[in-house]
Each structure stands twice: as C-alpha cells, then as structure tokens.
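This is the structure I want to talk about, given as structure tokens.
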Amino acid sequence: MLHIREVVVVEGKHDAVKLAAVTDAVVFQTNGFRIFKDTARLAELRALAQKCGCVLLTDSDGAGFVIRNYLNGALPGIAVKHAFIPEIKGKEKRKSAPGKEGLLGVEGMDEETLKSALLAAGVTVDDTPQKGGFMTKSRLFSDGLTGREDAAARRAAFSAHFDLPQKLSTARLIQFINAALSEEEYEAVLEELP
C-alpha cells in the first residue's frame with residue numbers, strides 16, 4: 001500500500017474503489033465532465049491541492065485528457081503531477097461493451113500498473129498511513145463546528161479561512177482537515193474563530 005501525500009484525482013467512483021487497494025491517499029472524484037460546472041467541487045479540490053499537492057490519474061482516452069487538461073489549467077500556482085496509465089484495449093468487467101475508444105480505464109488496470117504510474121509521476125511517498133486522522137464528527141461537535149447555535153457561523157469562518165465552499169458536507173470537511181492540516185494547524189485556526 002502506497003502512503004501518498006498528494007490528493008489523487010480520478011474521474012469516477014469505480015476508479016476510486018480500484019485505488020483503495022493501491023493507496024490510502026485522499027482520492028478525489030471529478031465525476032467526469034461535471035467538474036467543469038461544479039464550482040464548489042473545484043474549489044474543494046483547489047483547497048486540498050494547495051495544502052497537499054495533486055496528482056492527476058485519468059483514463060488514457062480522449063475524455064480523460066480533456067479532464068486532465070482542464071484541471072491542469074484550473075489549478076494555477078499548484079504543482080500538479082501527472083500519472084499516466086497505458087493504452088490497453090479492452091473493457092471493464094462491469095461494462096457490457098468497451099468505451100468509445102475501446103481502452104481500459106483506471107478501474108480496468110491491475111494494482112501494479114497503477115502503483116507504477118503513480119510512482120513514475122513522482123508522488124511523495126512516506127511511511128505514515130494517511131487514513132484515520134485526528135478529525136471525527138464528534139470532534140467537530142465538541143469544537144463547536146456542528147450542533148451548536150453558532151456552529152454555522154463558526155463553520156463559515158473556518159471554511160472561508162481555507163477558501164472552501166460554504167456548503168461543504170461534514171464528511172468532506174473532515175476529509176479536508178485530515179488530509180490538509182496537522183492537529184496543531186487546525187487548533188490554531190479554531191482559536192481565531194468567533
């Protein structure tokens with residue numbers, strides 16, 4: 001299992017499921033072309049990428065390169081790394097027919113190919129597992145970011161500090177905090193909140 005510091009960006013949920021066997025990094029789904037119009041989701045990716053870095057791992061078909069090129073331009077000032085999978089003819093097991101170009105996507109690759117692609121992109125690998133960070137729902141509650149009368153204002157101020165969307169779900173906020181902040185950084189921002 002690769003412990004990758006950067007956020008790994010993939011196209012869909014099946015790609016994310018496949019990567020769960022390869023890395024414990026935060027895996028961000030673009031939901032295909034929906035990322036082009038989902039400004040809140042793009043803002044979330046920017047915030048994560050600014051703190052952790054970013055590696056793009058899209059399919060090797062034309063659509064994958066359109067998404068890759070869009071995100072490369074939509075993340076100015078962020079060092080974006082590019083992981084590429086080989087062009088292999090075939091179809092994924094869950095599909096009844098191959099895609100438009102007849103190529104396997106990220107979900108169709110074996111684990112070793114995905115590991116090799118990520119390592120070739122120069123991802124930052126360390127010995128520290130990424131999952132199981134310090135932030136939990138109960139911690140958000142005890143810190144007053146949920147469940148209190150002033151929680152909405154505190155969450156809004158917290159989100160604004162990191163240029164996160166104001167309507168970020170609790171699960172996504174926890175994911176961001178665990179991926180992008182140390183406990184000390186989190187507590188320093190918390191002290192500044194109203």
Side-chain angles (χ1 to χ4, degrees), residues 1-49 52-75 78-125 129-133 165 167-176 178-180:
M1 172 95 32
L2 295 175
H3 306 302
I4 299 172
R5 183 183 192 285
E6 292 88 356
V7 175
V8 181
V9 180
V10 296
E11 294 178 47
K13 67 180 178 182
H14 297 287
D15 300 335
V17 168
K18 184 68 174 205
L19 277 179
V22 175
T23 181
D24 61 358
V26 172
V27 178
F28 185 93
Q29 300 170 43
T30 67
N31 299 319
F33 291 132
R34 286 186 226 153
I35 194 72
F36 296 173
K37 293 184 179 182
D38 192 341
T39 56
R41 192 95 172 109
L42 186 57
E44 181 184 349
L45 176 58
R46 276 191 194 113
L48 278 168
C52 305
C54 174
V55 59
L56 302 179
L57 179 61
T58 60
D59 295 348
S60 56
D61 60 5
F65 275 89
V66 169
I67 294 168
R68 180 186 296 274
N69 292 335
Y70 170 78
L71 291 175
N72 197 47
L75 300 170
I78 297 169
V80 177
K81 296 177 181 179
H82 294 269
F84 298 97
I85 59 171
E87 291 183 2
I88 300 173
K89 294 284 187 187
K91 73 169 190 67
E92 284 78 12
K93 291 178 184 177
R94 70 177 178 87
K95 295 180 179 178
S96 59
K100 185 177 178 181
E101 296 177 36
L103 299 173
L104 289 175
V106 170
E107 73 174 277
M109 295 291 129
D110 62 71
E111 293 175 16
E112 285 308 311
T113 300
L114 292 173
K115 283 181 184 178
S116 295
L118 290 166
L119 292 171
V123 295
T124 307
V125 179
Q130 300 295 321
K131 290 188 178 176
K167 294 181 181 178
L168 200 62
S169 71
T170 301
R172 291 249 173 90
L173 182 60
I174 290 170
Q175 181 185 45
F176 170 79
N178 282 332

**OP:** Of all the heavy-atom pairs spanning Val125 and Leu119, show the shortest one and how long it is.
**Re:** CG2-CD2, 3.8 Å
Subject >> Sequence neighbours excluded - ring-ring contact (aromatic ring centres under 6.0 Å, His included) pairs with any residue from residues 22-43 >> reply: Phe33-Phe36, Phe36-Tyr70
**OP:** State, to 0.1 Å, how close Pro165 and Ala40 come at their nearest heavy-atom pair, and which atoms those are.
**Re:** CG-O, 3.0 Å
Original post:
Got a sec: does the NZ of Lys13 have more than 12 other heavy atoms crowding it under 6.0 Å?
Top reply: no
Original post:
Can you check whether Val80 reaches Val55 side chain to side chain, under 4.5 Å on heavy atoms?
Top reply: no
**OP:** Quick one: which residue pairs count as a side-chain hydrogen bond (donor to acceptor under 3.5 Å, both in side chains) with a foot in residues 96-111, not counting sequence neighbours?
**Re:** Arg94-Glu107, Asp110-Thr113
Original post:
Atom CG of Leu48 and atom CZ of Phe176: how far apart are they, to the nearest 0.5 Å?
Top reply: 6.0 Å
Subject >> Side-chain touch His14/Val106, heavy atoms, less than 4.5 angstrom >> reply: no
**OP:** Kindly indicate whether the side chain of Leu114, heavy atoms from C-beta on, has any atom under 4.5 Å from the side chain of Leu57.
**Re:** yes
Subject >> Donor-acceptor contact below 3.5 Å, side chain Asn178 vs main chain Gln175 >> reply: no
**OP:** Give a yes or no on whether the backbone of Arg34 and the side-chain of Asp38 come within a donor-acceptor separation of less than 3.5 Å.
**Re:** no
Original post:
What is the distance from atom CG of Leu56 to atom NE2 of His82, rounded to the nearest 0.5 Å?
Top reply: 5.0 Å
Original post:
Thr124 pairs by side chain to side chain donor-acceptor pair (under 3.5 Å) with which of His3, Glu6, Arg5?
Top reply: Glu6
Subject >> Pairwise distance NZ(Lys91) to CG(Leu103) - rounded to 0.5 angstrom >> reply: 14.5 Å
**OP:** Could you list the residues that satisfy side chain to side chain contact (heavy atoms under 4.5 Å, CB included) with Thr30, not counting sequence neighbours?
**Re:** Val9, Glu11, Ile35, Ile67, Leu71
Subject >> Non-hydrogen atoms of Arg46 and Ile78 that approach each other most closely >> reply: O-CD1, 3.9 Å
Original post:
Any donor and acceptor pair, going by atom type alone, linking the side chain of Lys81 with main-chain N or O of Gly122 inside 3.5 Å?
Top reply: yes
Original post:
How far apart are the closest heavy atoms of Val8 and Ala25, and which atoms are they?
Top reply: CG2-CB, 4.1 Å
Original post:
Any idea which heavy atoms bring Ala16 and Val10 closest together, and the distance?
Top reply: N-CG2, 3.9 Å
Original post:
How many angstroms lie between atom OG of Ser60 and atom CG of Leu104, to the nearest 0.5 angstrom?
Top reply: 8.0 Å
**OP:** Mind listing the closest non-hydrogen atom pair of Val7 and Cys52 along with its distance?
**Re:** CG2-CB, 4.1 Å
Original post:
Would a 4.5 Å heavy-atom cut-off, applied to side chains only, mark Arg172 and Arg41 as touching?
Top reply: yes
**OP:** Please check if the side chain of Thr23 supplies one atom and the backbone of Leu2 the other of a donor-acceptor pair under 3.5 Å.
**Re:** yes
Original post:
Looking only at atom types and distance, does a side-chain atom of Lys18 sit under 3.5 Å from a main-chain N or O of Met109, one as donor and one as acceptor?
Top reply: yes
Original post:
Are side-chain heavy atoms of Asp15 and Gln29 found at a separation under 4.5 Å?
Top reply: no
